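Report on the structure given below.
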Number of protein chains: 2
Amino acid sequence: MNDDLRFLAEYDASRYPRPSVAVDVVLLTVDADARGLWAVLARRDDPPQQERWALPGGFVGIDESLDDAAARVLREKVGLAGVFIEQLYTFGAPNRDPRTRVISVAYYALVEATGLERVVTADERPAGAHLARLHVPWPGETGGPVEAVDGAGLPLPLAFDHAEILGMAVKRIRGKLDYAPIGFELLPDAFSLRDLRLVHEAILGRALNKDSFRRRMLDRGLVVPTGARATGVGHRPPELYRFANRSAT
Amino acid sequence: MNDDLRFLAEYDASRYPRPSVAVDVVLLTVDADARGLWAVLARRDDPPQQERWALPGGFVGIDESLDDAAARVLREKVGLAGVFIEQLYTFGAPNRDPRTRVISVAYYALVEATGLERVVTADERPAGAHLARLHVPWPGETGGPVEAVDGAGLPLPLAFDHAEILGMAVKRIRGKLDYAPIGFELLPDAFSLRDLRLVHEAILGRALNKDSFRRRMLDRGLVVPTGARATGVGHRPPELYRFANRSAT
DNA sequence: GAAATAGTGTCTTTAAGACAGTATGTG
DNA sequence: CACATACTGTCTTAAAGACACTATTTC
């Protein structure tokens, strides 16, 4: 330990020029009616890339962990806290930001659509966060950049390498969907199996077999019935389920 | 564009203190005889963490991409080039390095055992890279830190958060093993199906069903027979296969 | 010939897809 | 009652595990 401390005093961390380090957060939600993926983007007011659409992001504090920085960005720029968030990938091409060298540690977060709608459409919403519909022009887990359109279908040009970051986020959740319980993050506490399937279909971008989806979820014990049923759905009301916290397995 | 350039001139990137950014490389190989995973580690000559064992690493150049930095570290510190390498995860706990704030973008690389043996045991090997056997004390894809022992079974204490980085690397390749062609990276060009299975078993840390493994590899068209057979194996010689580059699918 | 692993064929089990048919709300 | 979706049951198909049996090399 003495050795460690002596060396620490002699260490000159400023010998090398250092990049800036930022976090960018891909906040995703699913609109079960429109059966599509949505992400939160903000229109850039200033150059560079003025009027293009960017992910919420910010610099990492010198004494702040990466996870803390991502949670702070989500809180300050979108007004959300306590949602699922996980590191995605780190983007570090030397010229991805024209101003200076910025390495961005990207995160992805998932939130229930109704919770986000409330936050994003509120008048007091921070930093002009908007919901953009995502169009994923590639199947499966091929990967690639993703396009964004607004509610009216008009394309939203993306800033910097954010189309690539969004593509990586979609690729990641597609891959994790069938072995990690991430579909539940996009639904309220109680949901029907149809809701859950629509979420999966929106993420995967393709239809799923209704029968085997139901069987898979029930056989794996991922969901448990609540005993309640949905009301006012215009047809036979489905049983509502909740996520089974399978820490005992 | 004029707006962009004007803003660029006014931009003051030095307003915030910046962390150092490094890459650390988990270079893994499989010893088919010993049926275990090995990683390249180097003993630290100086404080901090003197005499503990660390992953090969280095700072990212200010005009260097992250991928380039990882390839350079592999070349300069281990003497390897042209092998499979991919970004793993970024570690950024504020005190993971006692000297200063260092954010480390971890990579993992895979190489055939014989190729690595040649490099690492050569007298002119750079920076004292050694092969350490890994002991993974958790099953499946639970995740967690990993222990390292030398060839004689003596434990090698790991520096900084490198046990955690190694754990993340093992978790990642376990997860990717059955949908990405990464087993082939750890074998010579021609190999028997038994060799491939032993590699998979070493990575997963458990035995696999011989028959269904063979069927799975052949049915998927992942391997094609070369027509050659192994010699001098003390029993019926197996057909040798090579990886089928399935870009046509 | 003994030992050891390669390789083939078949049976069983399990999960997924297809689909028929019944159940039960709302309009 | 019509409609829409929930839910149940059964048949088929595909993949994995188990296992018996044959093949072929070295010692």
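Quantities reported herein were computed from a predicted structural model and do not represent experimental measurements. Quick note on labels: first sequence line is chain A, next is B, and so on, each numbered from 1.
The separation between B:Leu198 atom CG and C:dA6 atom C1' is 14 Å, rounded to whole Å. Atom pair B:Leu193:CG and C:dT5:P shows a separation of 16 Å (rounding to whole Å applied). The CE-P distance, from B:Met217 to C:dG7, rounds to 15 Å in whole Å. Straight-line distance from the OH atom of B:Tyr179 to the C1' atom of D:dA15: 21 Å, rounded to whole Å. If you measure from atom CZ of B:Arg197 to atom P of D:dA16, you get 15 Å, rounded to the nearest angstrom. A:Asp178 has its CG atom 13 Å from the C1' atom of C:dA16, to the nearest Å. Atom CZ in B:Phe213 sits about 12 Å away from atom P in C:dA6, given to the nearest Å. Between the CG atom of A:Leu218 and the C1' atom of C:dA16 there is a distance of 15 Å, given to the nearest Å.
Applying the 6.0 Å contact sphere to CG of B:Asp189 captures no more than 12 heavy atoms from other residues, nucleotides or ligands.
Contact of B:Arg215 with D:dG17 (side chain to base): a donor-acceptor pair of N or O atoms is detected under 3.5 Å.
In this pair, A:His200 and A:Phe213 present their aromatic rings perpendicular. The plane angle is above 60°, beyond the 30 to 60° band. Relative ring orientation between B:Tyr89 and B:Phe91 is described as perpendicular, the plane-to-plane angle rising above 60° on a 0-90° scale split at 30° and 60°. The aromatic rings of A:Trp53 and A:His130 lie perpendicular to each other, with more than 60° between the two planes, well past the 30° mark.
You'll find that the side chain of B:Lys210 is closest to C:dG7, out of C:dT5, D:dT8, C:dG7. Among the nucleotides D:dG17, D:dT8, C:dG17, the one closest to the side chain of A:Arg214 is D:dT8.
Checked against the 6.0 Å centroid threshold, B:Phe243 and B:Phe191 do not count as a close aromatic pair.
In this structure, CZ on A:Arg242 lies 13.0 Å from CG on A:Leu222, to the nearest 0.5 angstrom.
B:Asp161 places no side-chain N or O within donor-acceptor distance of the main-chain N or O of B:Glu164, the cut-off being under 3.5 Å.
Contact between the side-chain N/O atoms of B:Ser212 and the OP1/OP2 oxygens of D:dG17 is found at a separation under 4.0 Å.
A:Arg216 comes within contact range of the sugar-phosphate backbone alone, with a heavy-atom separation under 4.0 Å but no base atom that close.
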**Request:** Could you run through nucleotides 20-25 of chain D and give me one letter per nucleotide, 5' to 3': B if any protein heavy atom sits under 4.0 Å from the base, S if only the sugar-phosphate is that close, - if neither?
**Result:** ---BBB
